[in-house]
Amino acid sequence: MISIVIPCFNEEEIIVDSIKRVQQWMLENKYEGEILIVNNKSTDSTVEKIHDLVNQQYVLLFNECIKGKGAAVKKGLQNCKFDKVLILDADLSTDIKEFNPDWLSKKNYHLVIGSRSLGKEINTPIRRVLAGKVFNFIVRKMFNIDIKDTQCGFKYLHSDKIQKISERLTFTGFSFDVDLIQACKEIGLEIREVPIKYNFNRNSSVSLIKDSIAMLRDLVKIRKKYKHDYLPR
């Protein structure tokens, strides 16, 4: 049993194809589960297109009125039925086939983080690659973690504490990945980083300047939120 959470914002051009690809993957691998599509205040026809698929196998639709990818992912986690949860980007920039079926049976794979740095990154503009490396350097220094890519949208959670984790998440923007990692660390979950293949989508909604500034501000707040992790013992 697996829950697949896909946050989406203005994805009318690709969302139907992405959902069908995930459905096909589940059918081919004979997985039982659910696909939770979380619409995050889309202003195009995304919702209408998803509605056409809701009555089909696996597909559920939720709406999150708080803007931000972090808010949408949290909504998905709050509504998951199962303790195995795969989080994907709506454009499947990291294909669902990167998922390793062995993770389902290994109880010590609590949080699996897909890593572009360890794997292969295709068509990403060099300025974004460099910005990502600078951001990751700051994250590793601030939070004392050896994770080379915290921001990839491909993440897998295997825990009976999914609801407890979701309750701890308070950051709604793109910095939510760090919030998620720290929440998992706080309750003692094992974290693993695995190589994945990533295809950059040029229609990405991430603003290199505006979102980077907001994420850096959030890092300071996240560190304060989990400050006890860095106090002398």
Side-chain angles (χ1 to χ4, degrees), residues 1-7 17-38 57-60 69 72-74 76-122 124 132 136 139-140 143 145-166 168-169 176-201:
M1 297 284 195
I2 185 169
S3 297
I4 298 175
V5 174
I6 303 178
D17 179 65
S18 293
I19 292 173
K20 288 183 176 179
R21 284 166 61 187
V22 174
Q23 285 177 310
Q24 185 62 32
W25 176 82
M26 294 181 76
L27 288 169
E28 288 176 355
N29 290 280
K30 299 180 180 179
Y31 291 145
E32 294 185 31
E34 57 185 1
I35 305 170
L36 294 85
I37 311 298
V38 185
Q57 194 166 13
Y58 306 122
V59 182
L60 301 170
K69 184 178 179 181
V73 172
K74 178 174 180 175
L77 294 178
Q78 289 174 325
N79 288 279
C80 287
K81 294 179 181 177
F82 309 116
D83 61 3
K84 299 176 180 68
V85 182
L86 177 61
I87 302 169
L88 297 173
D89 286 333
D91 60 3
L92 298 187
S93 48
T94 299
D95 196 281
I96 193 168
K97 292 180 181 179
E98 294 291 308
F99 182 84
N100 187 335
D102 290 343
W103 299 342
L104 292 171
S105 58
K106 293 184 178 181
K107 294 183 178 180
N108 61 336
Y109 275 62
H110 295 148
L111 173 60
V112 177
I113 299 173
S115 175
R116 296 164 292 189
S117 295
L118 297 180
K120 186 176 182 180
E121 193 164 0
I122 301 170
T124 305
N136 180 257
V139 169
R140 285 187 284 119
F143 297 93
I145 55 176
D146 188 24
I147 298 173
K148 294 179 173 59
D149 183 5
T150 59
Q151 302 310 114
C152 181
F154 184 92
K155 290 182 172 66
Y156 171 67
L157 269 168
H158 182 174
S159 172
D160 59 2
K161 298 181 176 65
I162 298 292
Q163 294 305 314
K164 184 176 181 180
I165 293 168
S166 68
R168 292 291 291 141
L169 302 179
F176 88 92
D177 298 88
V178 180
D179 194 15
L180 173 64
I181 291 168
Q182 292 303 111
C184 290
K185 282 179 58 181
E186 187 176 56
I187 62 176
L189 298 190
E190 178 120 6
I191 300 173
R192 295 172 182 262
E193 187 176 18
V194 300
I196 52 89
K197 183 168 71 173
Y198 173 89
N199 285 279
F200 177 73
N201 180 357

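Below, all heavy atoms of this structure are taken into account, side chains as well, without hydrogens, waters or symmetry copies. Count residues from 1 along the sequence.
Without hydrogens or angle criteria, N136 side chain to I147 main chain gives a donor-acceptor distance under 3.5 Å.
Contact check for F99 versus L86: side-chain heavy atoms found under the 4.5 Å cut-off. By the 4.5 Å heavy-atom criterion applied to side chains, L60 and I37 are not counted as neighbours. No side-chain heavy atom of I162 sits less than 4.5 Å from a side-chain heavy atom of K84. Residues K197 and I122 are in side-chain contact: their nearest non-hydrogen atoms beyond the backbone lie under 4.5 Å apart. Using a 4.5 Å heavy-atom cutoff, the side chains of T150 and I145 are in contact. Using a 4.5 Å cut-off on side-chain heavy atoms (C-beta onward), E34 and I4 make no contact. Side-chain contact between R116 and I196 is present, with heavy atoms from C-beta onward closer than 4.5 Å. Within the 4.5 Å cutoff, the side chain of S18 has no heavy atoms near those of the L88 side chain.
Taking CG from L77 and NZ from K164, the interatomic distance works out to 15.5 Å, rounded to the nearest 0.5 Å. If you take CZ on R21 and CD on Q23, they are separated by 12.5 Å, rounding to the nearest 0.5 Å. Rounding to the nearest 0.5 Å gives a distance of 9.5 Å between CD1 of I6 and CG of D89. Going from atom NE2 of H110 over to atom CG of D83 covers 10.0 Å, rounded to the nearest 0.5 Å. Atoms CG and OG, on N199 and S93 in that order, are 8.0 Å from each other to the nearest 0.5 Å. For the atom pair C152 SG and E98 CD, the distance stands at 9.0 Å (nearest 0.5 Å).
Side-chain rings of Y156 and Y109 stay apart, their centers remaining 6.0 Å or farther from each other.
Taking a cutoff of 4.0 Å between a charged side-chain nitrogen and a carboxylate oxygen, D177 and K155 qualify as a salt bridge. Salt bridge annotation for R168-E186: present, with a cationic side-chain nitrogen under 4.0 angstrom from a carboxylate oxygen.
Ring geometry for F200 versus Y198: interplanar angle of 30 to 60°, hence tilted.
Considering every non-hydrogen atom in both K74 and L169, the closest pair reads NZ-O, 2.8 Å. The two residues A90 and P7 make their nearest non-hydrogen contact at CB-O, 3.5 Å.
If you check the side chains of S115 and E193, you find a donor sitting under 3.5 Å from an acceptor.
The salt bridge (Lys or Arg N to Asp or Glu O under 4.0 Å) test applied to D102 returns no partner, not counting sequence neighbours.
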